Amino acid sequence: MERGAGARLLLLLWAACCWHARAVGSSRYTIGVTNGGPWGDWAWPEMCPDGLFTIGFSIKVEAPQGISGDDTAMNGIRLHCSRGRTVESESGRWGAWSEPQWCPRGGFLVAFSLRVEAPKTLGDNTGANNVRFRCSDGTELEGPGLAWGDFGKWSEACPKGICGAQTKVQASRGLLDDTALNDVRFFCCSS
């Protein structure tokens with residue numbers, strides 16, 4: 001590739017990235033927690049269509065693999081938006097999706113807490129293992145994830161509900177230790 005063409009390509013990619021970040025961030029802010037796992041990269045954000053908000057969630061969980069297996073625990077979070085729509089940022093490849101859990105009628109998701117196993121020097125690391133959500137009426141919903149690690153503090157609440165998600169996922173590492181989902185941040189609705 002010519003030097004000038006490479007520079008133009010980089011400029012184009014930078015402009016597209018900044019436009020997307022400005023478009024997502026201009027009308028919505030994110031909530032997060034401080035105990036997310038250290039591995040992986042932030043994926044693309046996924047948002048409910050404008051005017052819709054999340055009323056439930058499902059998680060993708062890999063069952064315990066036993067002493068000789070490589071555990072990844074929670075691999076993904078799927079948000080169920082109002083009017084039957086679903087959104088999901090990147091997920092790990094292992095596990096199966098749980099049945100949805102719903103806020104009571106008329107309620108919506110506003111805050112969350114993440115269960116994360118602290119990194120180990122030796123042994124099998126898992127990253128995020130489960131998630132809890134708080135609904136607008138105060139109801140708490142806990143996913144059917146695994147019990148390794150501890151739940152951290154609750155995030156701040158989105159006054160108008162959660163409208164999207166962005167996950168931090170470690171890609172498959174082959175024969176090395178995999179952790180899959182490590183952290184997540186959620187986008188608050190603007191209206």
Side-chain angles (χ1 to χ4, degrees), residues 30-33 35-37 40 43-66 69-117 124-155 157-158 160-172 178-189:
T30 60
I31 56 173
V33 292
N35 67 322
W44 62 90
E46 286 291 332
M47 310 297 291
C48 293
D50 283 343
L52 304 184
F53 47 89
T54 57
I55 57 176
F57 73 99
S58 302
I59 63 174
K60 187 178 186 184
V61 179
E62 179 188 47
Q65 298 298 295
D70 181 11
D71 294 300
T72 59
M74 188 165 65
N75 275 247
I77 300 173
R78 182 178 288 159
L79 297 177
H80 296 269
C81 309
S82 51
R83 297 192 187 162
R85 301 290 297 266
T86 61
V87 295
E88 165 191 338
S89 186
E90 185 177 4
S91 295
R93 68 183 208 183
W94 301 278
W97 288 102
S98 69
E99 289 295 317
Q101 293 193 47
W102 306 99
C103 287
R105 187 164 184 83
F108 48 90
L109 303 177
V110 296
F112 79 105
S113 174
L114 201 58
R115 173 175 248 153
V116 178
E117 183 180 40
D124 185 10
N125 288 291
T126 59
N129 282 261
N130 205 355
V131 64
R132 291 189 293 206
F133 284 96
R134 184 173 295 136
C135 298
S136 53
D137 70 348
T139 300
E140 292 181 11
L141 305 172
E142 184 173 325
L146 302 182
W148 299 317
D150 298 302
F151 277 105
K153 294 181 180 179
W154 284 92
S155 70
C158 290
K160 298 178 181 178
I162 293 173
C163 286
Q166 184 177 25
T167 54
K168 184 179 180 187
V169 177
Q170 182 187 48
S172 174
D178 293 304
T179 61
L181 184 68
N182 271 261
D183 201 355
V184 62
R185 53 186 163 217
F186 293 101
F187 291 85
C188 294
C189 302

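For clarity, every value in this text was computed on a predicted model and none was experimentally measured. Here, residue 1 is the first one in the sequence, and each next residue gets the next number. Just so you know, these numbers use all the heavy atoms, side chains as well, and skip hydrogens, waters and symmetry mates.
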Would you mind reporting whether [Y] and [X] have side-chain heavy atoms less than 4.5 Å apart?
X: W97; Y: R78; answer: yes
X: C188; Y: T30; answer: no
X: N130; Y: L146; answer: no
X: P104; Y: C135; answer: yes
X: L114; Y: M74; answer: yes
X: T139; Y: R134; answer: no
X: V169; Y: S91; answer: no
X: P49; Y: R85; answer: yes

So, do F186 and F133 have ring centers that fall under 6.0 Å from each other?
yes

Expected output: side-chain [X] to main-chain [Y] donor-acceptor under 3.5 Å:
X: S155; Y: F112; result: yes
X: N35; Y: V33; result: no
X: D71; Y: G69; result: no
X: T126; Y: T179; result: no
X: Q65; Y: A63; result: yes
X: Q166; Y: A43; result: yes

Exercise: identify the closest heavy-atom pair between [X] and [Y]:
X: L141; Y: L109; result: CD1-CD2, 4.3 Å
X: T72; Y: E62; result: OG1-OE1, 2.7 Å
X: D70; Y: D178; result: OD2-N, 2.9 Å
X: G107; Y: I55; result: O-CG2, 3.5 Å
X: G92; Y: K60; result: O-NZ, 2.9 Å
X: A165; Y: V184; result: CB-CG2, 4.5 Å

Between I162 and L79, does the side-chain contact (heavy atoms from CB on, under 4.5 Å) criterion hold? Intermediate values first, please.
CA-CA 9 Å; I162 293 173; L79 297 177; 4.2 Å; yes

Any chance the side chains of T167 and E90 put a donor and an acceptor closer than 3.5 Å?
no

Pair S89-E46, side-chain donor/acceptor within less than 3.5 Å
no

Is there a disulfide between C163 and C158 in this structure (defined here as SG atoms under 2.5 Å apart)?
no

Distance check, rounded to the nearest 0.5 Å: S98 atom OG versus I59 atom CD1?
5.0 Å

Checking R115 against W148: charged group under 6.0 Å from the ring centre and within 45 degrees of the axis?
no

Measure from NZ or CZ of R132 to the centre of the six-membered ring of F151 and say whether it is under 6.0 Å with the direction within 45° of the ring axis.
yes

Going through the checks in order, is the side-chain contact (heavy atoms from CB on, under 4.5 Å) test met by E88 and I77?
CA-CA 6 Å; E88 165 191 338; I77 300 173; over 6 Å; no

For F53, enumerate each residue passing the ring pair (Phe, Tyr, Trp, His ring centres under 6.0 Å) test, keeping only those at least two apart in sequence or located in another chain.
F108

Using the rule given for side chain to side chain donor-acceptor pair (under 3.5 Å), can you reason through S58 versus H80, listing the C-alpha separation, both sets of side-chain angles and the distance that settles it, and then say yes or no?
CA-CA 8 Å; S58 302; H80 296 269; 2.7 Å; yes

